[in-house]
Number of protein chains: 2
Amino acid sequence: MKTRDKILLASLELFNERGERNVTTNHIAAHLAISPGNLYYHFRNKSDIIYEIFQAYEKLVDYYLDIPEDRALTLDDLTFYLESVFDGLWSYRFFHRDLEYLLDSDPRLRRDYREFTERCLAAITLIFEKMAEAGIIEPQPEELRRAMSLNVWLVITNWMAYLKTAHAADGPSGLSLAELKQGIYQVLTLEIPYLTPAYRERVLALREKYRPRRVAVEPVAG
Amino acid sequence: MKTRDKILLASLELFNERGERNVTTNHIAAHLAISPGNLYYHFRNKSDIIYEIFQAYEKLVDYYLDIPEDRALTLDDLTFYLESVFDGLWSYRFFHRDLEYLLDSDPRLRRDYREFTERCLAAITLIFEKMAEAGIIEPQPEELRRAMSLNVWLVITNWMAYLKTAHAADGPSGLSLAELKQGIYQVLTLEIPYLTPAYRERVLALREKYRPRRVAVEPVAG
DNA sequence: GACTCCCTAGAGTATATACTCTAATAATAC
DNA sequence: GTATTATTAGAGTATATACTCTAGGGAGTC
C-alpha cells in the first residue's frame, strides 16, 4: 500500500480509538514507523488528513443513501439503510465526537458537512415518503415529515455519544458495533405510531432484534 | 465577588464562547487580569474548574426537573420543564460540546455525568407518566415510555450541535437562546402521535410557538 | 555515469499549555 | 504592634504539538 494511503488508514484507526484530540501527527508517524517529515511530505497538515477522511465518509454514506426512485421501498431496504448508516457511523466514529472543533478549524469541512447533513436529511425524508407510498407508514404532511426526519438524524448522530458517556463501562473496553446498532431500536421507536396495521407487526419484530440487552454492570474489584 | 467565584464565572463564559478546548488557564487568568499563580491558588487544575462548573449545572437541572408527585401535571408544567432544560443547556452549553473528552479526562465527572443522565431520563419518563395521568397523552407501556424518553434526551442533547454544525451561519455571530429553544419544536414533534384529542390542539399550538423561522442565508459580500 | 524525480529520515523549531515556585502584600487574630 | 494566615504577582519550566528543513537514498532514463 502507498504511504499516503497508509497514513489515512492509520489516522482513521487512531482517531477512532483515541479521539482526534488525543492523536498527534507525530503519533501517526510513530505508529507507522515513518518520520514526521515523511508524513508532511504527503499531507500539508493535520486538517488535510481529516478533510480527506471526511470525504471518504461522505462518499460512503452518499453511496448507502442513494435511494432508487424507480421502485417501491421494502422492509429489507429500510433495514439496509439503517444498518448501513450505523456501519458508516462506526467506521468513522471519531468524526462526530469532535465535530464542532473540527468544523471550527476547517472552513471547507464546515461547508461540506453542512451540505452533507442536508443531503442526509433529504434522504431520510425521502425514505419516509417512500415508506408511506409502500404502505409501511401512514402518509404525513410535509412539515411533519421534515421534523420527523430531523429527529431521526438527531437520534442517529447522538446515539454513540450517549453510549460512550452515559452507558458504557468506564474501562477501556470501549464500544462494539453491535451496541452501536442498538441505535436502530431507538430510530424505529420513532416510527411506531405511524406504522400501518399491515406492517406494524413486521416492523416491531425488526425493532425487537435491536433491543438492548440489559448488560449487568461488573462490580469493580478492589 | 470572591476571586474564586470570578474564576468559575469567567471560565464558564469563555468556555461557552470559544469551547473548552480553545480556552487555557492562562486565558482565563488574563481575562480576569489576575496572575496564573493566583488562579492555581484557587484551583488545583483545569479539571477541577470544569468539575465544579458541572456540579452547578447538575444542581440547576436537578432543581428544574424536581417533579412534584402530589398533583397532576399541567401544560404549563410541561412548558416550564422544556423551557428550563433548554435554559440550562444554554447556560452551560460548552459542556456537551466536548463531553467525551471531558469525561475521558476526569473519572469523577464520568461517574457523576452518568448518574446525572440516569436522573434526567427518569425525570423524563416520569413526566410522560404524569402526562398520561393528566390525560395529555395516551398511556403507553413502560418499555415504550422508556425508549421514548431516551429519544427525547437524545434530541435535546444533540439539538445544539445540530444548530452549530449544520444550520447556523459560518460567521462568528454564533447562536441565540431563541434559536436553541426551537429544539422544543423537535421535542414536541416526538409527542404528537400520542396526544389525546382533548389536548391535541393545545399542544400543537404550543409547539407552533417554537417553529423555526426559515432564516434567509445572507449572501456573503465579496 | 549523470540527471531527475519521488520518497524518506531525522534533527530541529517556534509556539503553546498546564502548572510551579518564590516572594511579596493584604487581611486577620491576638 | 506582631504573628499568622490568606491571597496575589509574575517569572519560570517541563512537556507537547504541529510543522520545517536539509540531506540523501532508490529507481528509472538517457
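Just so it is clear: chains get the letters A, B, ... in the order the sequence lines come, proteins before strands, and each one is counted from 1.
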(request) Would you indicate which nucleotide in D/dA9, C/dC6, C/dG10 comes nearest to any side-chain atom of B/Ser35? (result) D/dA9

(message) Does anything in residues 95-103 of chain A come within less than 4.0 Å of DNA chain D? Heavy atoms only, and list the residues if so.
(response) none

(message) Parallel, tilted or perpendicular, judged at 30° and 60°: which one describes the rings of A/Tyr113 and A/Trp153?
(response)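 The arrangement is tilted - the two ring planes meet at 30° to 60°.
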
(request) Assign the ring pair B/Tyr57 / B/Phe116 to parallel, tilted or perpendicular, where the plane angle (0 to 90°) is split at 30° and 60°. (result) tilted

(message) Mind checking if A/Ala29 touches a base, just sugar-phosphate, or nothing, with heavy atoms under 4.0 Å?
(response) nothing

(request) Have a look at A/Ile34 and say if it touches a base, only the backbone sugar-phosphate, or nothing, with a 4.0 Å heavy-atom cut-off. (result) sugar-phosphate

(message) Expressed as a whole number of angstroms, how long is the span from B/Ile7:CD1 to D/dA9:C1'?
(response)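 Result: 13 Å.
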
(request) Report the distance from atom OH of A/Tyr41 to atom P of C/dC5, rounded to the nearest whole Å. (result)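 So the OH-P distance, A/Tyr41 to C/dC5, works out to 12 Å.
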
(request) Would you please indicate if the ring centroids of B/Phe15 and B/Phe94 are separated by under 6.0 Å? (result)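 Between B/Phe94 and B/Phe15, which both carry aromatic rings, the centre distance is below 6.0 Å.
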
(message) Can you see whether A/Tyr101 has A/Arg21 sitting over its ring - NZ or CZ less than 6.0 Å from the centre and within 45° of the normal?
(response) no

(message) Less than 6.0 angstrom from the centroid, inside 45 degrees of the normal: does A/Arg211 satisfy that with respect to the ring of A/Tyr185?
(response) no

(message) Regarding A/Arg93 and A/Glu20, does a basic nitrogen lie under 4.0 Å from an acidic carboxylate oxygen?
(response) no

(request) Could you run through nucleotides 16-24 of chain D and give me one letter per nucleotide, 5' to 3': B if any protein heavy atom sits under 4.0 Å from the base, S if only the sugar-phosphate is that close, - if neither? (result) -SBBBB---

(request) Indicate yes or no: at least one non-hydrogen side-chain atom of A/Leu126 is less than 4.5 angstrom from one of A/Glu69. (result)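 Yes, their side chains come closer than 4.5 Å.
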
(message) When you compare the side chain of B/Pro36 with that of B/Thr25, does any pair of heavy atoms fall below 4.5 Å?
(response) no

